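Worth saying up front: this structure is predicted, and the values here are computed from it rather than measured.
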Amino acid sequence: MNRGVQAYTSVARTRDEIGDVESYLPLVKRIAWHLKGRLPDSVMVEDLIQAGLIGLIEAMQNFRDDQGASFETYAGIRIRGAMLDEIRRGDWTPRSVHRKAREVSEAIAAVEARTGREARDEEVAEELGLSLAEYHRILQDTNSAQLLSIDEPDHSELDEDQLVSDMPTPVAEVMEEGFQQALAQEIDRLPEKEKLVMALYYDEELNLKEIGQILGVSESRVSQIHSQAVKRLRARLKNWL
């Protein structure tokens, strides 16, 4: 019996309390399509939905309503985590893409350390020895590799104990609080356009095309802005990441 079937057969006991799988299918599809907007064409939304359904079933199996979080909140995190795990197992991102992303973050950090202010596109391109067009192309190419939000440095937020326990360890609590404070401060320091793109993408959950319509720019330009914002944050938060 495979993993999905095992999870499905053991979930019956919770259905009377939280509903059935079909009632949460729109949630699975919404999360899948939101992730799909950040992935290359080779990743099929149907595969994300299938992985998300397994995450939903496991959430139904493991959810405990005495821990404070609602089932919808818990299930949403587990669904997204299952999709991300499936993508990681696929390992579709070439090593060269990861290398270029690191190089951009290092260049941003070098420019900002030298100038004491936010790095401009032209300065980062010069630091890398590239034309501005080549730099923007790298931002476009590496954006799809950034699967995880900047506030998910090691996927630990998907650990079940952390999700359902209302008694985190003191060290974990301090580390989490410290990282979140540092992240909030650095997001606030982003250039205004990058800050707006991050807010629309992560808080409002708009896709790149929708953000482009709001800003009056192309979808590819939004992708570049998002990519540079994430790399800027990674450069500034390197001691945490």
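- Summarising the geometry of L27 relative to E72, their closest heavy-atom pair is CD2-O, 4.3 Å, with the distance given to 0.1 Å.
- Taking the charged nitrogens against the carboxylate oxygens, K209 and E219 have no contact shorter than 4.0 Å, which rules out a salt bridge.
- Remark: E126 engages no residue in a side chain to side chain contact (heavy atoms under 4.5 Å, CB included) (not counting sequence neighbours).
- Between atom CG of residue L206 and atom CD of residue Q213 there is a gap of 9.5 Å, rounded to the nearest 0.5 Å.
- Listed by chain and number, the residues in a salt bridge (charged side-chain N to carboxylate O under 4.0 Å, His left out) with E127 are R114 (sequence neighbours excluded).
- Shown here are the side-chain hydrogen bond (donor to acceptor under 3.5 Å, both in side chains) partners of Q50, two or more places apart in sequence or in another chain: there are none.
- Between R189 and E118, the closest side-chain pair of non-hydrogen atoms is not below 4.5 Å.
- Ring pair F63/Y74 is tilted by interplanar angle, where 30° to 60° counts as tilted.
- Linking ILVMFWY residues whenever their side-chain heavy atoms come closer than 4.5 Å, directly or via other members, leaves L237 and V111 in distinct clusters.
- The shortest heavy-atom contact between G55 and A82 is CA-CB, 3.7 Å.
- Note that CG of L48 and CD1 of I79 are 12.5 Å apart. Values are rounded to the nearest 0.5 Å.
- Proximity of a side-chain donor or acceptor of N62 to a complementary backbone N or O of E58 within less than 3.5 Å is detected.
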(message) Using side chain to side chain contact (heavy atoms under 4.5 Å, CB included), reason through I211 and L196 one step at a time and then give a plain yes or no.
(response) CA-CA 9 Å; I211 295 172; L196 178 58; over 6 Å; no
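- Contact annotation: the side chain of K231 never approaches that of V124 to less than 4.5 Å [non-hydrogen atoms, C-beta and beyond].
- Counting only distance, with no hydrogens or angles, the side chain of E210 and the backbone of N207 share a donor-acceptor pair below 3.5 Å.
- With sequence neighbours excluded, the residues forming a side-chain hydrogen bond (donor to acceptor under 3.5 Å, both in side chains) with S218 are S220, listed by chain and number.
- For E192, the salt bridge (charged side-chain N to carboxylate O under 4.0 Å, His left out) partners at least two apart in sequence or on another chain are K195.
- Salt-bridge formation is detected for the pair R117/E123: a Lys NZ or Arg NE/NH1/NH2 atom is positioned less than 4.0 Å from an Asp or Glu carboxylate oxygen.
- Scanning for salt bridge (charged side-chain N to carboxylate O under 4.0 Å, His left out) contacts around E194 gives R232, with sequence neighbours left out.
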(request) Evaluate side chain to side chain contact (heavy atoms under 4.5 Å, CB included) for V230 paired with R234, printing each intermediate quantity in order. (result) CA-CA 6 Å; V230 172; R234 289 193 179 280; 3.8 Å; yes
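- Atom CE of M83 is separated from atom CD1 of I54 by 10.5 Å, given to the nearest 0.5 angstrom.
- In this view, L53 and V21, L25, V28, I49, L56 satisfy the side chain to side chain contact (heavy atoms under 4.5 Å, CB included) rule, not counting sequence neighbours.
- Remark: E103 pairs with R99 by the salt bridge (charged side-chain N to carboxylate O under 4.0 Å, His left out) rule, at least two apart or across chains.
- The CD1 atom of I31 lies 10.0 Å from the CG atom of L84; values are rounded to the nearest 0.5 Å.
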(request) Mind running side-chain hydrogen bond (donor to acceptor under 3.5 Å, both in side chains) on S131 and E134 for me, showing each step along the way? (result) CA-CA 5 Å; S131 69; E134 289 172 328; 3.3 Å; yes
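- Contacts of D121 classified as side chain to side chain contact (heavy atoms under 4.5 Å, CB included), with partners at least two apart in sequence or in another chain: L132, Y135, H136, R221, Q228.
- Of the possible polar contacts, one joining the E112 side chain to the A119 backbone as a donor-acceptor pair under 3.5 Å is found.
- For the atom pair D85 CG and R78 CZ, the distance stands at 9.0 Å (nearest 0.5 Å).
- Formation of a donor-acceptor pair under 3.5 Å by the S227 side chain with backbone atoms of S223 is not found in this model.
- The structure places CG of L215 at 6.5 Å from CD1 of I225, a figure rounded to the nearest 0.5 Å.
- Sorted by first and then second residue, the salt bridge (Lys or Arg N to Asp or Glu O under 4.0 Å) pairs involving residues 24-34 (not counting sequence neighbours) are R30-E205.
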